[in-house]
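Single-structure report; data block below.
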Amino acid sequence: MNDTPEKPSHFIREMIAADLASGKHDSVRTRFPPEPNGYLHIGHAKSICLNFGVAEEFGGVCNLRYDDTNPVKEDQEYVDAIARDVKWLGFDWDGEPKFASDYFEQMYAFATELIEKGLAYVCTLTPEEFREYRGVPTRPGTPSPHRDRSVAENLDLFRRMKAGEFSDGTYVLRAKIDMDSPNLHLRDPAIYRIRHATHHRTGDTWCLYPIYDFAHCLEDAIERVTHSLCTLEFEVHRPLYNWILENVTLPKPLPEQTEFARLNITNTVMSKRKLLELVREGEVNGWDDPRMPTLVGMRRRGYPPAAIRAFCEKVGVTKFNGLTDFALLEFCVREELNRVAERRMAVLDPVKVVIENYPEDGEEFFEAVNNPENPEAGTRQVPFCRELYIDREDFMEDPPGKFRRLAPGREVRLRAACYITCQSVVKNDQGEIEEIRCVWDPESRGGGTPDGRKVKGTIHWVSARHALSAEVRLYDRLFTEAQPDAVEDKDFREFLNPESLQVVQAKLEPGLAGFPPETPVQFERVGYFTPDPDSRPDAPVWNRTATLRDGWKGKT
Ligand code: ATP
Ligand code: MG
C-alpha cells in the first residue's frame, strides 16, 4: 500500500528486518487477532495497518484470527463486520479467516500435556481465595492446597470438567509456575475455566474455555506466526506467553511477542464496552453513527480508507503511550479529499437571490471545473436562472469594510457563472431577509471580466428552480472533553457533546442527485460531504465528512 512515499522506520520494522537478515526467520507471518465482541475502531486500525503493513512490506502474510475464547460476549454479527472492515481498510488476510475456537481440541491436548508433565493442576479455591493466596508482588504468594494433587487425579478432574460435571466457577485449571514470582501473572495463573454457555461457533460442544493468556500464544504457535505484535499492557504477560510455549510440544521457531503503544485519540472513547453502552443507550444511532470512532462510523461519514492508513502511518509505532489529537485524523482526511474529491456547489443556509434583469423563464448553463487538483476530473454544466440560493452568511446588510461578499451596492462573482450587484433586500414581518434583489452583468457571463474591473469576492450558489432539497447532517466531536473516560469521579457520558449532530435543510446543485454512496464531494467553500445510506432518490441525506479547516474550539 503506497499511500505515503516516505515511510519512517520504527522499531518493529527494524526488528523484522534484523530477524530476516540473521536467518532467525526466513519469512514473516503476523496476525490481527480481534475478539468478535464489538465493531473495530480507529485503535484497531493502527494494529491492522501495522500487522498487515509489515507483513506486506517484507513479502510475508498476515492472518485474520478471531480470538473467540469468551462465548458470552461474542457474536456472528461482529465476525462479519470485522472482516468487512479489514477489507475496506485495504488489506487481505492469508487463506481463510482463522478462529481460536477451531483450536479448542488442540488447546485441550496442550493443557493435558502440561498436567502430564506436572505443570498444571486443578484448583477449587474460590475466586476470593485465589486472589488472597496469590498475594502482592512484594511478598511471596501462598501455594494452593491443591497444588500437589497427583497427575492422575488432575487428569481425571480435568476430563470431568470437560464432561460438564461441575458448575461455573467451581474448578479451574492452573499452570504450576512460581508462587513467589514478583510477576503476578506467573503465580500459577488460571488457564481453563468452566463456562456453561453457548458459543457462537462451537455451540454447546464445550463448557470449558481457555483463558486468553493460555489460548493466545498457542493460537500464534499453531498458525506458525513469527511476530506476535500486541499493545503495551501485554508486556507483563510476555513471560507467561513464553512459558506456555516452551513447556508444550511445538514446532520451532516459536512466535515472539513484541509490544507497541496503543492509539488513543482525543474527544472520544475507544473501549468496546463503552462504545457498546453508547449504542445500547441510544446516545448514538448505532455502531456506524458517523460520530463514532468505529471504522463503520468513519466509513459512513465518508473518511477514505487511504486517509486512515496515512493517519496510522503518521502516528507511528512506539513504546510510549500517548494521546493523539483528533485534528490529526481530520487533517489526513482533508489532505486525501482535497486530492480526490470532486467539487460541487451546495448551500446549507439558503437565502433567495432574485436577478431582476434576467428573464423570468430564462435558463442557461455554465461550465464548472470538477476538481482543480485533477484536470482529468473534467467539467460539468451547472444550470442558472433568475432565482438562486446563496448562503445567508455570504450576505450582510451593513457590512464592515473588509467584508468581501455580497452587500447592498456591492458586486461579487458567482463561482463559475457571472457578476451580480445587490440592489435591495425584501424582508418579512419579523425583519428577516427573504430575498436579495440583484442585477447581473451579462458581459461577465462564464467568468469573463468586462472592462477589466476587479471583483473582490466569489461566492457559491445554486439555481432555485433546479436545486435539490437535501437533509445535511453536520457532525462535531462526540465528547467535549479531550479524555472523557479519564476524568476523576465523572462518568464519560457526562461529557457527550450536545452539539455533536446538527441537521440542516440544504439546497444542492442538481448534478448531485443519485451521487454514488461513500463518495465524498467538496461543497465549494463549505466542506467535504458524503451521501448517507439513509438517502432516498426523493429525499437525499448527506453527511458532513470534514470542514475545510480545523474549527474545533473545545478542549483537546
Ligand atoms: P477493547 O479493550 O476496546 O475491547 P481490545 O484490545 O480488547 O479492545 P481486541 O479485539 O482484543 O480489542 O483487539 C484486537 C487487536 O487490536 C489487539 O491486538 C489489540 O492489541 C489491538 N488494539 C485494540 N485497541 C487498540 C488501540 N487503541 N491501539 C492499537 N491497537 C489496538
Ligand atoms: Mg481484547
Side-chain angles (χ1 to χ4, degrees), residues 10 12 30-55 62-70 72-75 77-83 85-86 89 91 93 97-101 200 210-213 215-217 219-220 223 225 227-238 241 255-279 287 292-298 308-309 311-324 326 328-329 483-486 492:
H10 54 63
I12 290 180
T30 56
R31 85 287 174 267
F32 172 63
E35 185 182 352
N37 62 350
Y39 282 71
L40 298 182
H41 52 59
I42 183 78
H44 294 115
K46 174 172 178 177
S47 177
I48 295 170
C49 290
L50 176 63
N51 277 294
F52 285 90
V54 291
C62 181
N63 289 356
L64 170 62
R65 181 212 309 147
Y66 296 97
D67 217 327
D68 55 349
T69 53
N70 179 359
V72 184
K73 293 184 184 158
E74 298 160 1
D75 200 274
E77 175 195 351
Y78 301 133
V79 170
D80 298 338
I82 288 168
D85 285 350
V86 172
L89 253 194
F91 298 103
W93 46 87
K98 316 274 189 283
F99 292 85
S101 54
H200 72 111
I211 301 282
Y212 178 87
D213 275 335
H216 197 83
C217 54
E219 295 156 22
D220 285 344
E223 294 177 8
V225 163
H227 299 87
S228 179
L229 311 176
C230 63
T231 42
L232 281 179
E233 63 277 19
F234 290 101
E235 194 164 13
V236 285
H237 299 238
R238 183 164 14 113
Y241 182 103
E256 277 181 79
Q257 174 181 307
T258 305
E259 309 83 17
F260 64 95
R262 64 195 294 123
L263 173 70
N264 297 302
I265 56 177
T266 58
N267 303 97
T268 191
V269 292
M270 221 102 87
S271 134
K272 282 185 275 189
R273 180 180 58 76
K274 289 178 186 145
L275 295 174
L276 181 62
E277 276 171 27
L278 294 177
V279 172
W287 284 100
M292 290 279 270
T294 52
L295 296 183
V296 279
M298 294 185 178
I308 295 175
R309 295 194 298 266
F311 168 73
C312 291
E313 191 64 42
K314 269 204 168 67
V315 168
V317 181
T318 71
K319 281 261 188 199
F320 306 99
N321 278 319
L323 180 63
T324 301
F326 195 87
L328 182 65
L329 176 58
Q483 289 182 276
D485 51 1
F492 71 105

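Numbering of residues begins at 1 and proceeds along the displayed sequence. Both counts, for ligands and for their atoms, begin at 1 and track the order of listing.
Heavy-atom proximity to P33, at under 4.0 Å, picks out these atoms of ligand 1: 14 (C), 18 (O). Numbered from 1 in the order shown, with element, the atoms of ligand 1 that lie under 4.0 Å from a heavy atom of S271 read 3 (O). Those atoms of ligand 1 that come under 4.0 Å of a heavy atom in M270, given as number and element, are 3 (O). Interface of P34 with ligand 1, defined as ligand atoms under 4.0 Å from a residue heavy atom, comprises 10 (O), 14 (C). Using a 4.0 Å cut-off to heavy atoms of T231, the atoms of ligand 1 that qualify are 20 (O), 29 (C), 30 (N), 31 (C).
By the 4.0 Å N-to-carboxylate-O rule, E233 lies close enough to R262 to be salt-bridged with it.
Among C49, G43, A45, the residue whose heavy atom lies closest to atom 31 (C) of ligand 1 is G43. Closest heavy-atom approach to atom 27 (N) of ligand 1 among the candidates L263, N264, V315, L275: L263. Selection from A261, S228, C230, S47 by nearest heavy atom to atom 21 (C) of ligand 1 gives S47. The closest heavy-atom contact to atom 4 (O) of ligand 1, among the options R273, K274, K272, comes from K272.
Atoms OH and CG, on Y39 and L275 in that order, are 12.5 Å from each other to the nearest 0.5 Å. Put simply, CZ on F91 and CD1 on I48 are 8.0 Å apart, with the number rounded to the nearest 0.5 Å.
Close N/O approach between K46 and ligand 1 is not found [any backbone or side-chain N/O within under 3.5 Å].
A centroid separation of less than 6.0 Å is found between the aromatic rings of Y212 and F234.
Residue contacts with ligand 1 for F32 involve side-chain atoms from C-beta outward but no N, CA, C or O (heavy atoms, distance under 4.0 Å). Residue-level proximity to ligand 1 for H41 is carried by the side chain, the only part with a heavy atom below 4.0 angstrom.
For the residue pair N63 / E223, a side-chain donor-acceptor distance below 3.5 Å is found, with atom types taken as modelled. Side-chain contact check for D75 and H200: no donor-acceptor pair (N or O, by modelled atom type) lies under 3.5 Å. Looking at R31 and H216, their side chains do bring a donor and an acceptor atom within 3.5 Å of each other.
Here the rule is side chain to side chain contact (heavy atoms under 4.5 Å, CB included) with T30, and of I12, L50, V54 only V54 fits it.
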